[in-house]
Amino acid sequence: MSSQFVSNRQQRAAIEWRGGHALVMAGAGTGKTFTIIERTKGLIAEGVEPKRIALLTFTRRAANEMRSRIGTKHEGLFAGTFHSWAIMQMHSRKDLPVRPEQWTIIDRDDQLQLIRRIKAQLTPKGEARRFPTPGEVLNYTGYARSTLVTIEAYLDKFMNLEGEQRSFVIKASKQYRQHKQARRYMDYDDILEVIAAAMTENPALAHSIASRYDEVLIDEGQDLNPLQWRIIDSMVPDTRIFMVGDDGQSIYAFRGADFESIHSFTKRIPDSKVLKLEENYRSRQAILDLANWVLDQSPLQYQKRLRGTRGRGERPILHHFNNAFDEADWITNTILESHGEGEKFSSNKILMRTMSAAKEIEASLVSKNIPYIVIGGQSLFALAHTKDLLAAVRATVNPLDELAWMRYLTLFEGIGEVTADRIIEKLLKSQSVQEAKQIVQEALDKRAAEVLAPIIAISRHRTEPGEALRSALRAMKGIFKHNYREDWSKRRPDLDLMVSLAERRPDVVDFIETYTLDPIHGTQVQGQSEDKVTLITIHSAKGLEGKRVFIPQAQYGMYPFVRSMGSDAEIEEERRVLYVALTRAQDELMLSNGGFGFAGFQTTGEADFFLERVPKKLLNHEGQAAPSQRGPIAPNDLAGWG
DNA sequence: AACGTTTCCTTTTTT
DNA sequence: AGGAAACGTT
Ligand SMILES: Nc1ncnc2c1ncn2[C@@H]1O[C@H](COP(=O)(O)OP(=O)(O)OP(=O)(O)O)[C@@H](O)[C@H]1O
Ligand SMILES: [Mg+2]
């Protein structure tokens with residue numbers, strides 16, 4: 001076993017544990033992920049083949065963290081998200097009911113679009129506003145599926161919907177399922193559902209999958225929802241489950257995760273043991289003191305307080321500014337200053353509750369030419385022009401892809417919704433790309449050549465996605481220039497970026513799958529250098545660490561977030577979000593705020609800023625403005641819709 | 001049937 | 001920023 005660190009006694013017990021299933025319950029920075037990595041190395045050193053070990057977790061970033069810590073030398077070892085593991089199973093096993101290359105994986109935007117179209121049919125014209133939004137329908141549906149309950153049961157338990165509103169949600173939810181199926185769409189939940197259902201209904205299949213592993217190691221176990229638990233449950237008889245988790249860091253209840261499930265680990269999994277780690281190796285004690293205080297304010301009982309091993313360190317600061325621009329400039333100036341003194345840009349992580357609130361900070365990074373990478377928030381493929389090009393590719397590989405065809409066809413002058421609908425109606429009955437081309441040809445006659453040119457170009461280069469996109473882009477240039485005549489030069493680079501991303505994939509289907517499962521965030525990744533500042537959402541930052549951590553907008557309305565004040569459970573989850581953010585910092589923790597509050601913003605309840613009454617000895621206040629109260633500012637200033 | 005203009009709404013967080 | 005609804009024009 002080769003680590004640069006010496007494990008402590010508790011870590012050794014976890015690393016060397018060779019009994020049954022085990023759960024390591026321990027706080028932030030105590031080395032849970034370290035234990036997973038060292039265990040994996042230990043098992044391999046004892047002769048376990050790397051391909052007989054799987055490292056799973058929920059978020060992509062936590063999965064990347066595991067992957068980079070284990071390195072590349074163990075060929076066959078799987079380290080990734082549950083979703084990517086499930087997709088890999090579908091690709092590699094012929095006994096699963098789904099061939100993923102025949103399906104199009106859809107993201108949240110597509111899901112919403114599909115439900116929008118369903119809603120338009122289900123509700124009388126002009127009365128749409130009386131009914132729940134597509135976003136609500138999608139959230140209810142997703143939550144119900146993730147927690148393995150029917151939509152009816154979910155609505156009865158959590159929602160106060162009656163009569164036509166209730167029946168609308170139920171109908172929309174069921175039609176969503178049917179529409180997906182008919183269009184050969186698979187959403188994120190489907191990916192897990194296919195595997196979970198197959199394994200539960202067919203024990204022989206579950207055995208065949210699970211017995212390929214000597215051990216399945218799961219990081220961030222508090223984030224698992226019942227759907228993911230179902231996959232784990234069906235593996236329990238045939239492999240060893242080694243899970244690590246921290247109830248204080250549970251921040252995915254909104255998608256059905258339930259940290260009680262790790263409390264009841266030994267009940268749920270027979271012949272299992274719970275282990276503990278109690279020393280934090282990440283952060284200075286001054287940082288841990290503040291984090292401990294935040295969790296102490298909760299009425300819920302989490303496990304013990306964090307005890308550090310790295311000395312006291314500097315007291316965290318909260319710097320107050322009058323506006324978001326000054327705040328952003330302070331952050332970027334601080335980064336530049338330390339860079340001048342030899343510190344790397346990559347030592348800095350800027351943690352956001354919502355990425356849409358990062359506008360000023362991004363602008364400031366750009367203006368000072370600081371290289372940075374954005375993780376979380378809007379995807380590159382959420383932009384109108386990137387969606388257009390992607391629609392051409394999707395329409396080509398899946399003639400049943402209604403949303404792609406609708407978007408693609410209506411790009412062309414003279415083709416509106418009515419014509420497109422007529423064509424799509426026929427396409428939905430088609431069997432092949434060949435047939436699809438025929439249908440478009442017949443429907444459009446003279447205009448068909450222009451519409452089909454990009455489609456033909458893409459289908460000609462299916463195994464050279466770079467070339468496929470390049471030639472499609474060439475054929476669509478005229479439309480793009482016309483449709484985006486005001487700002488084409490600004491949009492153009494995103495499409496070139498798409499082409500270069502496609503270049504690295506083996507075929508167009510893989511291109512779509514890869515970037516739907518792991519989208520690029522933000523449009524410009526500034527600078528070519530490896531050394532970059534990371535601008536990241538707290539949800540994505542879980543499991544990660546940084547020498548210096550910035551937490552901007554530490555103020556009323558953000559922690560807890562205005563939209564998550566509706567219940568005690570929501571507020572407690574928000575408290576854990578802040579706790580996760582604080583515990584990312586190794587040496588320096590720099591909170592700040594932009595002076596304004598959130599008056600007028602749509603809230604779901606009432607709650608004070610978590611640090612409103614923080615003891616002075618835990619946090620240094622700097623700057624002129626008083627600790628921010630609920631101040632007067634237009635709601636759109638926060639959300640970035642202005 | 002298509003399209004331009006205006007006005008309003010929406011996504012908080014991840015897969 | 002994207003998209004839909006409403007309304008008027010072509
Ligand atoms: N025994 C040790 N000696 C020195 N450093 C250690 C030791 N164990 C862990 N570390 C370091 O402490 C830091 C935190 O460890 P790790 O990320 O594994 O914690 P974690 O429990 O997974 O945290 P989180 O809950 O945030 O995911 C890492 O930089 C790791 O390398
Ligand atoms: Mg970890």
Side-chain angles (χ1 to χ4, degrees), chain A residues 57-63 80-87 105-109 111-113 116-117 119-120 125-129 133-136 138-139 142 145-146 186-193 220 223-225 227-228 251-257 351-357 359 375-379 382-388 406-407 410 412-422 483 487 490-491 516-519 521 523 536-542 557-566 570 573-574 576-577 580-581 601-602 604 635-636 638-642:
Chain A
T57 187
F58 168 52
T59 64
R60 297 188 283 251
R61 289 296 140 184
T81 62
F82 275 86
H83 286 82
S84 64
W85 178 83
I87 285 282
I105 299 172
I106 57 170
D107 64 10
R108 194 183 160 84
D109 244 35
Q111 294 180 290
L112 284 171
Q113 198 81 24
R116 245 177 241 136
R117 289 176 71 82
K119 185 177 177 184
K125 236 184 153 47
E127 293 177 47
R129 295 179 59 182
T133 63
E136 284 164 332
L138 182 59
N139 288 348
R145 292 170 70 196
S146 299
M186 210 171 21
D187 67 20
Y188 293 124
D189 291 330
D190 286 321
I191 294 171
L192 298 179
E193 257 176 18
E220 308 287 0
D223 293 336
L224 299 184
N225 60 30
L227 182 55
Q228 288 161 322
I251 55 173
Y252 284 104
F254 71 90
R255 62 171 283 284
L351 269 48
M352 308 297 302
R353 176 62 182 78
T354 79
M355 201 46 86
S356 54
K359 250 172 44 176
I375 299 167
Q378 272 221 326
S379 145
L383 301 163
H385 50 295
T386 54
K387 276 186 180 174
D388 292 344
M406 176 52 80
R407 182 168 196 110
T410 53
F412 295 87
E413 251 187 302
I415 303 177
E417 209 170 318
V418 176
T419 308
D421 256 331
R422 256 204 308 265
N483 290 359
D487 53 1
K490 250 174 61 194
R491 293 174 184 263
T516 313
L517 243 37
D518 194 357
H521 295 284
T523 43
I536 187 170
T537 58
I538 297 167
H539 284 81
S540 293
K542 188 125 70 69
M558 201 54 101
Y559 301 97
F561 190 65
V562 267
R563 301 278 298 265
S564 291
M565 297 174 169
E570 276 184 338
E573 174 141 314
E574 292 294 305
R576 295 188 296 264
V577 169
V580 168
F601 197 83
Q602 193 187 348
T604 53
N636 286 352
L638 163 79
W641 285 315

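Note that these values count all heavy atoms, side chains included, but never hydrogens, waters or copies made by symmetry. Keep in mind that what you see is a predicted model, and the values were worked out from it rather than measured. Chain identifiers are assigned alphabetically (A, B, ...) following the order of the sequence lines, protein sequences preceding nucleic acid strands; residue numbering begins at 1 within each chain.
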Taking only the side-chain nitrogens and oxygens of A:Thr537, find out if one of them lies under 4.0 Å from OP1 or OP2 of B:dT14.
yes
Just checking A:Ala120: base, sugar-phosphate only, or nothing, at a heavy-atom cut-off of under 4.0 Å?
nothing
Approximate separation, where rounding is to 0.5 Å, of A:Ser146 OG and A:Leu192 CG:
8.0 Å
Distance between the P atoms of B:dT11 and C:dA5, in whole angstroms?
14 Å
If you round to the nearest 0.5 Å, how far is NE2 of A:His539 from CZ of A:Arg61?
15.5 Å
Output yes when at least one side-chain N/O atom of A:Thr133 is less than 4.0 Å from OP1 or OP2 of B:dT11, else no.
yes
5'-most by nearest nucleotide on DNA chain B - A:Val418 or A:Ser84
A:Val418
Closest non-hydrogen atoms of A:Arg145 and A:Asp187, given as atom of the first, atom of the second and distance, are NH1-OD2, 2.8 Å
Please report, rounded to the nearest Å, how far the P atom of B:dT14 is from the CG atom of A:Leu351.
12 Å
Respond yes when some side-chain nitrogen or oxygen of A:Arg61 is under 4.0 Å from OP1 or OP2 of B:dT14, and no when none is.
no
Choose from B:dC8, C:dA1, B:dT14 the nucleotide whose nearest atom is closest to any side-chain atom of A:Leu383.
C:dA1
Checking contacts here: which listed nucleotide (B:dT14, B:dA2, B:dC9) is nearest the side-chain heavy atoms of A:Thr419?
B:dA2
Let me know the distance between CZ of A:Arg108 and C1' of B:dT12, rounded to the nearest Å.
9 Å
Does A:Ser564 reach a base, just sugar-phosphate, or nothing at all? Heavy atoms under 4.0 Å.
base
Among C:dG2, B:dT15, B:dT12, which is the nearest nucleotide to the side chain of A:Asp189?
B:dT15
Which pair of heavy atoms, one from A:Ala62 and one from A:Lys542, lies closest together, and at what distance?
CB-O, 4.1 Å
Short side-chain N/O contact from A:Lys387 to OP1 or OP2 of C:dA1, under 4.0 Å:
no
Residue met sooner reading DNA chain B from 5', once A:Leu517 and A:Leu112 are mapped to nucleotides:
A:Leu112
note: A:Lys359, atom NZ; B:dT12, atom P; distance rounded to Å ~ 15 Å
It should be established whether A:Gln378 places a side-chain nitrogen or oxygen under 4.0 Å from OP1 or OP2 of nucleotide C:dG2.
no
Same-atom distance (C1') from C:dA4 to B:dT12, integer angstrom:
22 Å
Would you kindly give the CD1-to-C1' distance between A:Ile536 and B:dT12, to the nearest whole Å?
16 Å
Under 4.0 Å, heavy atoms only, any strand: does A:Ile415 hit a base, just the sugar-phosphate, or nothing?
sugar-phosphate
Rounded to the Å, how far apart are A:Asn139 CG and B:dT14 C1'?
12 Å
Close side-chain approach of A:Thr537 to A:Thr354, heavy-atom, < 4.5 Å
no
Measure from the side-chain heavy atoms of A:Arg353 and tell me the nearest of B:dT11, B:dC3, B:dT13.
B:dT13
With a cut-off of less than 4.0 Å, is there a side-chain N or O of A:Arg563 near OP1 or OP2 of B:dT12?
yes
Closest to side chain of A:Lys490, choosing from B:dT12, C:dA1, C:dA4
C:dA1
For A:Arg491 and C:dG2, is the shortest distance between a side-chain N/O and OP1 or OP2 below 4.0 Å?
yes
Do A:Arg255 and A:Phe58 form a cation-pi contact, if we require the NZ or CZ to be under 6.0 Å from the six-membered ring centre and within 45 degrees of the ring's axis?
yes
Select base, sugar-phosphate, or nothing to describe what A:Glu417 touches, counting heavy atoms under 4.0 Å on all strands.
sugar-phosphate
Base, sugar-phosphate, or nothing for A:Phe58, non-hydrogen atoms under 4.0 angstrom?
base
Nucleotide B:dC9, atom P - distance to CD of A:Glu136 in whole Å
14 Å
For A:Phe254 and A:Tyr252, I'd like to know if the aromatic rings sit close, meaning centre-to-centre distance below 6.0 Å.
yes
A:Phe254 has an atom CZ; how far is it from atom C1' of B:dT13, in whole Å?
4 Å
Quick one: label A:Asp518 by what it contacts on the DNA or RNA (base, sugar-phosphate, nothing), any heavy atom closer than 4.0 Å.
nothing
Give the nucleotide from the list B:dT15, B:dA1, C:dG3 with an atom nearest to the side chain of A:Arg422.
B:dA1
Expressed as a whole number of angstroms, how long is the span from A:Leu138:CG to B:dT11:P?
9 Å
Closest to side chain of A:Thr354, choosing from B:dT13, B:dA2, B:dT14
B:dT13
Measure from the ring centre of A:Tyr188 to the centre of the six-membered ring in the base of B:dT14, then say whether that distance is under 5.5 Å and the planes meet at under 30°.
no
